[in-house]
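Computed from a predicted structure; not experimentally measured.
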Amino acid sequence: MPSEHSTHPLARRITDYGQFAYPVADNIDTCLGILYEGKLYETLCAGYPGREIVLNLTHAYGLISHEIFWTENDTYKEALDTLPVLADHIAETELGLGDLYNVSEIVENFHDWDPDEHGPPHLTRLNQTIISLTALFDRPAYRDAIYEALKDKSRSEFSELISMANWFYGEDEFDLFFSFAEVQPVEALDSAHWLIGISDPQRETFITWARSHMPSRLSLSEGARTQDYDEIATQILDRVIWQEEHILKAAQDRLDFTVWGLCSANKFMAANAAYLLEDLPVSQWPVGSQGIIAKLYEEMEPNWTSFKSKGGKGHYTTHKERLGSLLEKANQPS
């Protein structure tokens with residue numbers, strides 16, 4: 001039997017509205033419209049609305065909070081005014097791990113600002129609300145539940161557990177994600193943010209582990225692009241190349257991962273590996289790389305785009321242009 005609150009519009013997931021697969025920010029007017037039609041502020045101010053509605057709204061605010069916190073818009077006023085009331089109801093509700101993660105999203109979104117900016121004025125009046133939500137994680141039952149769940153690295157929501165342990169309890173993000181990668185490498189590397197700013201010992205630990213999943217004795221001979229890497233090796237190569245500024249600081253590491261990438265049968269993987277040579281003198285390029293770059297250049301369509309980044313900034317160009325620049329560099333007199 002459905003609960004007495006299950007048919008209430010506020011008990012329906014906010015992701016059921018708007019265009020499928022679009023970010024909530026792109027559907028914010030639709031989402032808030034539904035919440036307001038459900039008498040969001042009035043319903044919550046009338047008393048405890050029931051666990052189903054509280055948990056659903058916790059999920060909804062986890063999704064919309066960044067947009068309503070950091071964008072000044074008069075239509076967000078009711079949602080902002082309701083949050084302190086919702087926070088009081090959340091404190092009265094027994095939360096599962098998924099619910100705690102939704103709360104953590106609200107807290108993190110509140111603090112996700114540019115250090116040089118103060119943000120919209122309404123943030124100041126929400127300070128106490130965020131403090132009260134943060135205090136939930138001090139409850140022994142919730143803390144113990146998170147740490148107990150972290151023992152099981154096969155859990156599908158392990159990344160969410162890491163996020164909470166790092167934010168609220170100061171656990172080292174790299175250590176937790178690396179232990180996750182040893183059990184579920186593809187899932188752990190789904191996001192590579194935990195490889196940013198790692199220490200030298202952590203980098204060495206990761207590189208040693210990554211090398212253990214890569215083939216040995218590859219060379220860039222004629223027809224070298226034959227490697228059809230498995231899912232784990234593909235994920236490792238993709239993330240290492242993406243975060244090369246943080247991972248490939250040793251010359252030998254950069255050389256080896258460049259060769260592994262250039263040997264890929266996937267032309268886009270091979271091209272991305274070629275871009276690891278952009279800042280190196282031609283004399284340091286692996287033998288045979290110029291021939292592979294020339295063939296990649298021929299395979300690329302003029303309109304296929306590539307994002308060129310450096311130091312956290314970047315711009316779009318084309319694969320043809322980047323590969324062409326490498327060939328020009330290689331053909332310059334030494």
Side-chain angles (χ1 to χ4, degrees), residues 1-71 73-110 122-123 125-139 141-143 145-146 149 156-157 160-161 163-164 167-168:
M1 292 290 290
S3 74
E4 60 179 304
H5 301 286
S6 61
T7 58
H8 195 287
L10 297 181
R12 183 178 174 186
R13 287 267 160 162
I14 200 169
T15 46
D16 291 345
Y17 304 101
Q19 294 175 278
F20 177 73
Y22 276 67
V24 168
D26 290 352
N27 291 306
I28 191 70
D29 291 336
T30 300
C31 295
L32 289 179
I34 297 298
L35 295 179
Y36 294 168
E37 287 177 16
K39 302 185 184 303
L40 176 65
Y41 185 76
E42 180 181 329
T43 299
L44 268 64
C45 286
Y48 188 76
R51 186 170 188 268
E52 189 172 9
I53 288 178
V54 171
L55 296 185
N56 183 59
L57 289 176
T58 304
H59 172 257
Y61 272 82
L63 295 173
I64 69 173
S65 52
H66 192 279
E67 173 68 15
I68 66 174
F69 285 159
W70 294 102
T71 304
N73 189 316
D74 290 342
T75 61
Y76 300 169
K77 185 178 185 304
E78 182 177 344
L80 291 166
D81 290 345
T82 302
L83 182 57
V85 187
L86 175 61
D88 289 341
H89 292 320
I90 291 173
E92 299 178 46
T93 305
E94 183 179 350
L95 305 175
L97 290 171
D99 307 315
L100 286 169
Y101 179 71
N102 292 332
V103 174
S104 77
E105 285 285 273
I106 298 171
V107 173
E108 291 190 43
N109 286 339
F110 181 83
H122 60 245
L123 292 179
R125 61 186 171 86
L126 291 174
N127 273 328
Q128 193 55 50
T129 295
I130 298 304
I131 290 172
S132 69
L133 290 175
T134 302
L136 293 175
F137 291 86
D138 292 332
R139 295 184 181 181
Y142 291 156
R143 180 189 177 99
I146 291 170
S156 60
E157 79 280 33
E160 298 177 359
L161 296 170
S163 175
M164 291 187 285
W167 185 275
F168 297 102

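The shortest non-hydrogen separation linking N127 to F110 is OD1-CZ, 3.3 Å. Closest heavy-atom contact between A91 and L136: CA-CD2, 4.0 Å. In terms of heavy atoms, E108 sits closest to S163 at OE2-OG, 3.0 Å. Between L80 and I68, the shortest heavy-atom distance links the atoms CD2-O, 3.7 Å. When every heavy atom of T43 is checked against every heavy atom of G38, the shortest pair comes out as OG1-O, 3.2 Å.
Residues L44 and V54 have side chains not in contact (no heavy-atom distance under 4.5 Å, counting atoms from C-beta outward). Residues E157 and Y101 form no side-chain contact, since every pair of their non-hydrogen atoms from C-beta on lies 4.5 Å or further apart. When side chains are defined from C-beta on, H8 does not count as touching P49, because their heavy atoms never get closer than 4.5 Å.
Rounded to the nearest 0.5 Å, atoms CG (L63) and OG (S65) are 8.0 Å apart. The CG atom of N73 sits 10.0 Å away from atom NE2 of H122, with the distance rounded to the nearest 0.5 Å. Here I28 contributes atom CD1 and L35 contributes atom CG; the two are 8.5 Å apart, rounded to the nearest 0.5 Å. L126 CG to F69 CZ: the interatomic distance, rounded to the nearest 0.5 Å, is 6.0 Å. One finds the NE2 atom of H59 at 10.0 Å from the CG atom of D99 (value rounded to the nearest 0.5 Å). With rounding to the nearest 0.5 Å, the separation of CG in L83 from CG in L133 is 6.5 Å.
Under the side-chain contact (heavy atoms from CB on, under 4.5 Å) test applied with H66, the options N109, T71, I106 reduce to a single match, N109. When each of T93, N56, L95 is checked for a side-chain contact (heavy atoms from CB on, under 4.5 Å) with R51, only T93 meets the rule. The only member of L100, V85, T58 that meets side-chain contact (heavy atoms from CB on, under 4.5 Å) when paired with I90 is T58. Considering L57, L32, I34, L86 in turn, L57 is the only one that fulfils the side-chain contact (heavy atoms from CB on, under 4.5 Å) rule with L40.
For E92, the side-chain contact (heavy atoms from CB on, under 4.5 Å) partners two or more places apart in sequence, or in a different chain, are Y48, H89. Applying the side-chain contact (heavy atoms from CB on, under 4.5 Å) rule to K77 yields the partners D81; only residues at least two apart in sequence or on another chain are considered.
More than 12 heavy atoms of other shown residues, nucleotides or ligands fall within 6.0 angstrom of atom OH in Y36.
Relative orientation of the F168 and F137 rings is parallel, given thresholds of 30° and 60° on the angle between their planes.
Listed for the N102 side chain is no donor-acceptor partner under 3.5 Å among the backbone atoms of Y61. Of the possible polar contacts, one joining the E78 side chain to the Y41 backbone as a donor-acceptor pair under 3.5 Å is found.
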